[in-house]
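Below is one structure, written out as structure tokens; comments come after it.
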Amino acid sequence: MNIHEYQAKEILSAFGIPVPRGRVAMTSDQVERAAKEMGGHCVVKAQIYAGGRGKAGGVKVVHHPEQAQDLGKDLFGKKIVTPQTGPEGLRVRRILVEEAVEIAKEFYLSITLDRGSSQYMLIASAEGGMDIEEVASKSPEKIITFAIDPFTGLRPYQARRVALALGLTGSVCEDCVNLILNLYRAFLEKDCSLIEINPLVVSRAGWLMAMDAKITFDDNAVYRHREYPDMVDYSQLDPLEIQASKYDLAYIKLGGSIGCLVNGAGLAMATLDVLKEFGGEPANFLDVGGGATREKVAEAFKIILQDADVKGIFVNIFGGIMRCDIIAQGIIEAAEEVHCTLPIVVRMDGSQVDEGKRLLKESGLNVECGDNLGDAAARIVKMLG
Ligand code: GDP
Ligand code: MN
């Protein structure tokens, strides 16, 4: 689960990490008022669920409240496209107005989970800022990584080693040690899978502060934090993804034309691979889960059909926990309810498979059954020809 920069900064601030003074605005008049409060010279930052805003015109320094207001008018409702948003872009509904800070140096600092070693990694660089991806690919030696032992946690001497490696000395170095320790505390207490500060800056006046912040919460821990569901900005999510999450379906929109309805994430990935191998382009990844019920299958069907890019539907179900005839009933009911005329290919196997196939054949839908995964994939690709 993602949150906005201003929310991430509120969390960091609560853990003793310095952030610039700021206010979030929902209208351009609020942008003006907030800019006045900051003394006119301030930074106007579009709040979207993606980074790379600086290079896309989503972060600007202004000198007068009116200038901030004009920028607000321009940004609100506009879609910002960055390498992290995809070609569609994300629409600006909230703007953060912050006091401007004179930056002397930009650093990079983050904590994330390394699934390979099952450890949290502290990642830092003295070459922070908007070109961090380039630094990582062209001069990886400039990125410091440190695995945190889950049993001992992060010790002050380890944080100091990182601060020294960033080239910091004296009081700023000590500030950085505390900041790193607080960051780790926030990471654990808030059940994050990522906290990233880029840039972490030393100001001209010599203070260390988090200029940008990104936090991703671990979805599996959201239930432990009552306040998290209210923090979601639904304007930043695909409406179909929101609908899917209500029914506990894992749905991700992809670029192609074949809607996929599959039970189990592993089977879903295999399905996408096989479709591609037969020259098909999947329109989505939709996993109804191992114990998919008839209702869930029906909801999944409706979600797929709301995507105008879908020209055909590929169902790949293994009836292990759920019987194939029940799944078939779900497909038939949903297809009739939404008046689906698109070609459907079903590959089914498992419990009650013959009964499931019979129901589908007699349903009157534009449906074919494949004998196996390869045969079914070839059929749907051919039907869309
Ligand atoms: P991102 O591009 O989405 O990661 O957005 P950031 O919040 O990191 O902003 C992009 C860049 O704007 C930063 O790397 C800074 O160089 C610059 N920036 C952000 N806030 C300030 C500020 O208060 N003062 C100045 N001078 N620059 C800022
Ligand atoms: Mn940034």
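In listed order, ligands and their atoms are each counted from 1.
- What sits closest to atom 17 (C) of ligand 1 on the protein, heavy atoms only, is E106 OE2, 4.5 Å.
- The atoms of ligand 1 that sit less than 4.0 Å from any heavy atom of V43 are 20 (N), 21 (C), 22 (C), 23 (O), 24 (N).
- Any N or O atom pair closer than 3.5 Å counts here, and E5 shares no such pair with ligand 1.
- Between M209, Q84, R53, it is R53 that holds the heavy atom closest to atom 3 (O) of ligand 1.
- Listed by chain and number, the protein N, O or S atoms at a distance under 2.8 Å from the Mn ion (ligand 2) are N198 O, D212 OD2.
- Any N or O atom pair closer than 3.5 Å counts here, and I103 shares no such pair with ligand 1.
- Ring pair F285/Y251: centre-to-centre distance not below 6.0 Å.
- V59 and I3 fall into different hydrophobic clusters, defined by Ile, Leu, Val, Met, Phe, Trp and Tyr side-chain heavy atoms under 4.5 Å apart, directly or through other members.
- Between E299 and K302 a salt bridge is recorded (basic side-chain N to carboxylate O distance below 4.0 Å).
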Subject >> Residue pair E133, K138: steps toward the salt bridge (charged side-chain N to carboxylate O under 4.0 Å, His left out) verdict >> reply: CA-CA 9 Å; E133 282 86 3; K138 290 199 177 140; over 6 Å; no
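- In this structure, K78 forms no cation-pi arrangement with F76, as its terminal cationic atom is not both closer than 6.0 Å to the ring centre and no more than 45° off the ring axis.
- Listed by number with element, the atoms of ligand 1 under 4.0 angstrom from any heavy atom of V59 are 5 (O), 9 (O), 12 (O).
- For D29 and T27, the side-chain atoms include no donor-acceptor pair closer than 3.5 Å.
- Side-chain contact between Y108 and E196: present, with at least one pair of heavy atoms (C-beta onward) separated by less than 4.5 Å.
- Considering backbone and side-chain atoms alike, K55 places every N or O at 3.5 Å or more from each N or O of ligand 1.
- Here the side chain of Q236 pairs a donor or acceptor atom with the backbone of Y49 at under 3.5 angstrom.
- Close approach of ligand 1 to N198 (heavy-atom distance below 4.0 Å) involves ligand atoms 8 (O).
- Between F146 and I148 there is a side-chain heavy-atom pair separated by less than 4.5 Å.
- Shown in contact with P199 at under 4.0 Å from a heavy atom are these atoms of ligand 1, numbered in order with element: 8 (O), 13 (C), 14 (O).
- For ligand 1 and G54, the ligand atoms under 4.0 Å from any heavy atom of the residue are 1 (P), 2 (O), 3 (O).
- Residue-ligand proximity: E98 is placed with every non-hydrogen atom at 4.0 Å or more from ligand 1.
- Close approach of ligand 1 to D212 is summarised as follows: ligand atoms under 4.0 Å from at least one heavy atom of the residue are 1 (P), 4 (O), 5 (O), 6 (P), 7 (O), 8 (O).
- At least one donor-acceptor pair closer than 3.5 Å links the side chain of T112 to the backbone N or O of S193.
- Ring pair Y228/F217 is parallel by interplanar angle, where below 30° counts as parallel and above 60° as perpendicular.
- Near M130, meaning under 4.0 Å from one of its heavy atoms, ligand 1 places the atoms 10 (C), 11 (C), 14 (O).
- Residue R94 is tested with Q30, E5, Q7 for a side chain to side chain contact (heavy atoms under 4.5 Å, CB included); the sole match is Q7.
- Between G52 and ligand 1, a contact under 3.5 Å exists for at least one N or O pair.
- In the vicinity of M211, heavy-atom distances shorter than 4.0 Å reach the ligand 1 atoms 20 (N), 21 (C), 22 (C), 23 (O).
- Looking at ligand 1, you'll find an N or O of V101 within less than 3.5 Å of one of its N or O atoms.
- Using a 4.0 Å heavy-atom cutoff, G51 is listed among the residues neighbouring ligand 1.
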